[in-house]
Amino acid sequence: MPELPEVETIARGVHDRVRGDSIVEAWFGSHREPFKMPPAQQAKALQGCTIVAVHRTGKHIVCELESGKPLSGSNSPVNRREAKRLDGKSRLDGQSQWIVHLGMTGRLLVTTPDAPVAAHTHARLLLASGKELRFVDPRRFGRLEFRDLARVDAFTAPGADPLVIETAEFAQLFRGRKLAIKAALLNQTLLAGVGNIYADESLFRAALRPTKIAGKLTKTELERLRLALRQVLEHAIQLGGSSVSDYVDADGIRGFFQLEHCVYLRTGQPCPTCQTPIRRILLAGRGTHYCSKCQQ
DNA sequence: ATATGGCCCTGGTTGC
DNA sequence: TGCAACCAGGGCCATA
């Protein structure tokens, strides 16, 4: 299931491959599920747009778009300059946005029109360069949204970014909360981007029991958690994310962070620190893995 | 306001 | 071996 590191990896990959390209034609499937507006309407809105940048916000991939006719091919000096300008702080200058949420099984792939079309392909964007951007999602938990910034605000993640949040703000998120720290980590309105894998892995690295009440954690414990979370996310990004089940990046390549998992999906296997068998419980409806000795 | 639980989906796994 | 029941799980919504 794609979380922050996987989404970051995909967003970077897509950015590198389609930045400056423009959407010649958009084909959307007929399922109502992955779309926040009628597929035909969304497809029409995307046609003719130029992709000036692609980035991650929480677990969302945001494609910044300029509407209207493509300038003069994806590699024109004008488009390259434009893309570079929008690469920095002014990226929200885009006139519209295409927001992709991968849900659990979603994939955003850069391929070519002649490549075999995988089952459960819900969107195909033919680009001026001859590439094709595809959204594939068997379980249809993903979402595709088009935002016209002339009419609505730019997309913002509900929660704070775990990669940049500082000590005081992090501690404030959990103050007075009466739910388990693991459940709090999964709450996207507090922190945006943490899912089941990195919740379990960061709690292990911070030596904290997932069931601990969030509001009862000490300042020291919270700071340990903040640093462990940042460290584990950054490490995972370096390794291209975790490939469990069917995650692949924009090129269809698997990540390698799953080799670094200490507890996630390692039920019964020895803890890397103390050899105690990893325990699995159900918490907030999610499989939760921890070492009963290291995480008190 | 905060917390909990059911629901959506399909593919992989389990069990008979 | 084959088929059906079961289950995972992110986010959203109703409910407590």
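Computed from heavy atoms alone, side chains included, the values below leave out hydrogens, waters and symmetry copies. Naming: A, B, ... by sequence-line order, numbering from 1 per chain.
Between A:K182 and A:D200, at least one side-chain N (NZ, or NE/NH1/NH2) sits under 4.0 Å from a carboxylate O, which counts as a salt bridge. A salt bridge is defined here as a Lys NZ or Arg NE, NH1 or NH2 lying under 4.0 Å from an Asp or Glu carboxylate O, and A:K212 with A:E221 meets this definition. For the pair A:E132 and A:R134, the salt-bridge criterion is met [side-chain N within less than 4.0 Å of a carboxylate O]. Between A:E223 and A:K219 there is no salt bridge, since no side-chain nitrogen of the basic residue lies less than 4.0 Å from a carboxylate oxygen of the acidic one. The pair A:R56-A:D161 meets the salt-bridge criterion, since a charged nitrogen lies less than 4.0 angstrom from a carboxylate oxygen.
Heavy atoms of A:E3 sit nowhere under 4.0 angstrom from any nucleic acid atom. In this structure, A:R175 reaches neither bases nor backbone, as no heavy-atom distance under 4.0 Å exists between it and the strands shown.
Rounded to a whole Å, the CD atom of A:Q188 is 16 Å from the C1' atom of C:dC13. Note: CD1 (A:I197) to P (C:dA8) measures 15 Å, nearest angstrom. Straight-line distance from the CG atom of A:L102 to the C1' atom of B:dC9: 16 Å, rounded to whole Å. For the pair A:E6 CD and C:dG9 C1', the computed distance is 14 Å after rounding to whole Å. Atom-to-atom, CZ of A:R140 to P of C:dC12 comes out at 17 Å; the value is rounded to the nearest Å. Atom CG in A:L179 sits about 13 Å away from atom C1' in B:dA1, given to the nearest Å. One can place CE of A:M104 at 15 Å from P of C:dC7, the figure rounded to the nearest angstrom. Atom pair A:L185:CG and C:dG11:P shows a separation of 13 Å (rounding to whole Å applied).
Look at A:K59 and you'll find a side-chain N or O under 4.0 angstrom from OP1 or OP2 of C:dG11. An OP1 or OP2 oxygen of C:dA8 is reached within less than 4.0 angstrom by no side-chain nitrogen or oxygen of A:R286. When the side-chain nitrogen and oxygen atoms of A:H120 are compared with OP1 and OP2 of B:dC9, none of them lie within a distance under 4.0 Å. Side-chain nitrogen and oxygen atoms of A:R280 include at least one within less than 4.0 Å of the OP1 or OP2 phosphate oxygen of C:dA8. Between A:Y264 and C:dG9 there is a side-chain polar atom (N or O) within less than 4.0 angstrom of OP1 or OP2.
You can call A:F141 stacked on the base of C:dG10; the centres are under 5.5 Å apart and the planes sit within 30°.
Of the candidates B:dC9, B:dT2, C:dG9, B:dT2 carries the atom nearest the A:R177 side chain, counting heavy atoms from C-beta on. Listed nucleotides: B:dC9, B:dG11, C:dG11. Nearest to the side chain of A:H101: C:dG11.
Side-chain to base pairing of A:R139 with C:dA8: one donor and one acceptor N or O lie within less than 3.5 Å of each other.
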